[in-house]
K.L.:
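Below is a structure I'd like to ask you about.
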Amino acid sequence: MRIVTWNINSLRLRLPLLAELDRQLRPDVICLQETKVPDPLFPHEALKELGYPHQVRRGMKGYNGVAILARQALEPVLDTPDWCEKGDCRHAAARIEGEDGPVEIHNFYVPAGGDIPDEDENPKYAHKLAFVDQVTAWFETHHLARTVIVGDLNIAPLENDVWSHKQLLKVVSHTPPETTRLNAWLNTGFVDAMRHFIPSDEKLYTWWSYRNRDWSASNRGRRLDHVWITPDLVASLHGMQVIRETRDWASPSDHVPVMINLGA
DNA sequence: ATGGTGGGGGTCCCA
């Protein structure tokens, strides 16, 4: 089972890119973040025609929005908390039948956190830290089996998850309060499926700012997108790809997709 | 040290 995660930065604008991704990779499950489409306007039919009739989505007007698309049946997990009681469409979860048993998929879009890394000065940063704290506490008390967490977690936890550790220590996405919290969340019972394949002394990015004239040449990337799995799925983890080429497609997202293969 | 570029929905928010 091939599972893709992608911050698509507007689903409706980038439907053609999603079709191209589907053509090239043939995923079984696609988890999207920043769909930016309210549920009544969700492109249900277009995605069905693309081969994904099973859809779990949580969208709102203008911002945020997550979706899980699948070729096979999805059972939505509906009793997830409303993090920070904001009702802001940052988490969707569903169960799907895998080759050797059911898999539970949690798709997250963690708040970006604004520019100033100070909880008192910047409520967005405070919200980001509180969000991760709440999610961590929830996973500590819900010990899940055969579970995958994917999404734009908006934190690059390791030194080689950013182009310059030293220069980004005070930049939101790589500050110690954030990286410490992301590690605490991971350590509630998950394995970093990307770093399972790429050692932590190698640079690994999934996001390059729109503000770099030549993103590939400057290569000032960050690993903001993640795939985590519970240890009981490690034996069936057969591959991981960062689909870096999509960053050069016409009108790209600033994030690139990540795909894992969970075999039997 | 600064500003650089996108998407959404409307004349400014968010990333």
Side-chain angles (χ1 to χ4, degrees), chain A residues 5-21 31-43 46-47 57-67 83-84 86-92 107-119 121-132 150-157 161-164 166-175 178-179 182 205-226 243-258:
Chain A
T5 180
W6 193 14
N7 179 323
I8 196 165
N9 189 15
S10 174
L11 173 56
R12 285 175 292 175
L13 185 73
R14 285 185 240 286
L15 269 172
L17 276 65
L18 194 64
E20 180 60 20
L21 187 81
C31 298
L32 300 172
Q33 305 87 36
E34 282 206 271
T35 55
K36 293 184 175 175
V37 55
D39 289 341
L41 298 178
F42 194 82
L47 295 169
R57 76 274 189 283
R58 274 189 188 161
M60 60 195 285
K61 189 176 167 174
Y63 314 111
N64 309 325
V66 287
W83 308 109
C84 302
K86 286 180 174 279
D88 59 0
C89 303
R90 294 180 178 278
H91 180 200
N107 179 18
F108 278 96
Y109 174 51
V110 170
D115 288 331
I116 305 162
D118 185 300
E119 285 191 79
E121 283 182 48
N122 175 9
K124 291 179 195 168
Y125 187 70
H127 174 218
K128 182 179 197 175
L129 299 184
F131 185 100
V132 178
V150 302
D152 176 5
L153 306 186
N154 263 318
I155 298 172
D161 291 338
V162 293
W163 62 276
S164 168
K166 211 174 162 182
Q167 283 174 263
L168 287 169
L169 272 170
K170 289 180 180 173
V171 173
V172 174
S173 71
H174 193 61
T175 66
E178 294 171 273
T179 57
L182 200 73
Y205 312 138
T206 64
W207 173 89
W208 293 261
S209 171
Y210 285 125
R211 296 177 191 180
N212 285 321
R213 205 154 292 171
D214 187 338
W215 71 274
S216 187
S218 59
N219 199 22
R220 296 185 167 191
R222 305 178 201 170
R223 185 169 72 113
L224 302 180
D225 303 274
H226 298 271
I243 321 299
R244 196 182 156 110
E245 307 85 74
T246 68
R247 189 63 180 77
D248 270 332
W249 289 358
S251 189
S253 169
D254 46 353
H255 295 254
V256 302
V258 180

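Chain letters run A, B, ... following the sequence lines, proteins first and then strands; every chain starts at 1.
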K.L.:
Write down the distance separating the P atoms in B:dG9 and B:dT5, rounded off to the nearest Å.
P.N.:
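Looking at atom P only, B:dG9 and B:dT5 are 23 Å apart.
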K.L.:
Using whole Å, what does the distance between atom P of nucleotide B:dA15 and atom OH of A:Y109 come to?
P.N.:
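That distance rounds to 6 Å.
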K.L.:
If I take atom OH in residue A:Y63 and atom C1' in nucleotide B:dG10, what distance separates them, rounded to the nearest angstrom?
P.N.:
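In whole Å, B:dG10 C1' lies 11 Å from A:Y63 OH.
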K.L.:
Is the backbone of A:V172 close enough, under 3.5 Å, to the side chain of A:K128 for a donor and an acceptor to pair up by distance?
P.N.:
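Between the backbone of A:V172 and the side chain of A:K128 there is no qualifying donor-acceptor contact (under 3.5 Å).
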K.L.:
Please report, rounded to the nearest Å, how far the C1' atom of B:dG9 is from the CZ atom of A:R12.
P.N.:
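Interatomic distance, CZ of A:R12 to C1' of B:dG9: 10 Å.
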K.L.:
Taking only the side-chain heavy atoms of A:K61 (C-beta and beyond), determine which of B:dT5, B:dG7, B:dG9 contains the nearest atom.
P.N.:
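When the side chain of A:K61 is considered, B:dG9 is the closest of B:dT5, B:dG7, B:dG9.
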K.L.:
Using OP1 and OP2 only, check whether a side-chain N or O of A:K124 sits under 4.0 Å from B:dC14.
P.N.:
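So the side-chain polar atoms of A:K124 do come within 4.0 Å of the phosphate oxygens OP1 or OP2 of B:dC14, strictly under.
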K.L.:
Whether A:T35 contacts B:dG7 is assessed here as follows: a side-chain N or O lying under 4.0 Å from the phosphate OP1 or OP2. Is that the case?
P.N.:
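Negative; the distance criterion is not met.
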K.L.:
Could you give the distance separating B:dG4 and B:dA15 at their C1' atoms, to the nearest angstrom?
P.N.:
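It comes out at 14 Å once rounded to the nearest Å.
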K.L.:
Give the rounded distance in Å between these two atoms: CG of A:N122 and C1' of B:dA15.
P.N.:
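Computing the A:N122:CG to B:dA15:C1' distance gives 13 Å.
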K.L.:
Can you tell me the distance, in whole Å, between the CG atom of A:D248 and the P atom of B:dG6?
P.N.:
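Answer to the nearest Å: 13 Å.
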K.L.:
Which whole-number value in Å describes the distance from A:R247 CZ to B:dG6 P?
P.N.:
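Atom-to-atom, A:R247 to B:dG6, this comes out as 8 Å.
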K.L.:
Would you say the side chain of A:T5 lies within less than 4.5 Å of the side chain of A:T206, judging by non-hydrogen atoms?
P.N.:
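Sidechains of A:T5 and A:T206: no contact.
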K.L.:
Of the options B:dT5, B:dC14, B:dG8, whose atoms approach the side-chain atoms of A:L13 most closely?
P.N.:
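Selected nucleotide (nearest to the side chain): B:dG8.
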K.L.:
Let me know, please, whether A:N212 or A:R90 comes out on the 5' side of the other along DNA chain B by nearest nucleotide.
P.N.:
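In this pair, the answer is A:N212.
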K.L.:
Pick the closest DNA chain B nucleotide for A:L11 and for A:N154 by heavy atoms, then say which residue is nearer the 5' end.
P.N.:
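Its nearest nucleotide lies further toward 5', so the answer is A:L11.
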K.L.:
Taking the C1' atom of each, how far is B:dT11 from B:dG7, in whole Å?
P.N.:
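My reading of the C1' atoms in B:dT11 and B:dG7 gives 16 Å.
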K.L.:
Could you give the CH2-to-P distance, from A:W208 to B:dG6, as a whole number of Å?
P.N.:
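My rounded result for the distance is 16 Å.
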K.L.:
What integer number of Å spans the P atoms of B:dC14 and B:dA1?
P.N.:
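Straight-line distance between the two P atoms is 27 Å.
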K.L.:
Is there a side-chain polar atom (N or O) of A:R213 under 4.0 Å from OP1 or OP2 of B:dG3?
P.N.:
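Answer is no, no contact under 4.0 Å.
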K.L.:
Using a 3.5 Å distance criterion without hydrogens, assess whether the side chain of A:D254 forms a donor-acceptor pair with backbone atoms of A:Y210.
P.N.:
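No, the answer is negative, given that no donor and acceptor are paired below the 3.5 Å cut-off.
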K.L.:
Please work out if A:R14 contacts a base, only the sugar-phosphate, or nothing of the nucleic acid, heavy-atom cut-off 4.0 Å.
P.N.:
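Contact class for A:R14: sugar-phosphate only.
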K.L.:
Tell me what A:S251 touches on the nucleic acid: a base, only sugar-phosphate, or nothing, going by heavy atoms under 4.0 Å.
P.N.:
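A:S251: backbone/sugar contact only, no base atoms under 4.0 Å.
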K.L.:
Would you kindly check if the NZ (Lys) or CZ (Arg) of A:R222 is within the cone defined by 45 degrees around the ring axis of A:W207 and under 6.0 Å from the six-membered ring centre?
P.N.:
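The answer is no, since A:R222 fails at least one limit relative to A:W207.
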K.L.:
Quickly, which of A:N107, A:N7, A:N154, A:D152 forms a side-chain hydrogen bond (donor to acceptor under 3.5 Å, both in side chains) with A:Q33? Name it, please.
P.N.:
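Between A:Q33 and the candidates, side-chain hydrogen bond (donor to acceptor under 3.5 Å, both in side chains) is satisfied uniquely by A:N107.
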K.L.:
In whole Å, I'd like the distance from the CZ atom of A:R211 to the C1' atom of B:dA15.
P.N.:
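Taking CZ of A:R211 and C1' of B:dA15, I get 8 Å after rounding.
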K.L.:
Just do the side chain to side chain contact (heavy atoms under 4.5 Å, CB included) check on A:F131 and A:R90 with the steps written out, would you?
P.N.:
CA-CA 10 Å; A:F131 185 100; A:R90 294 180 178 278; 3.8 Å; yes
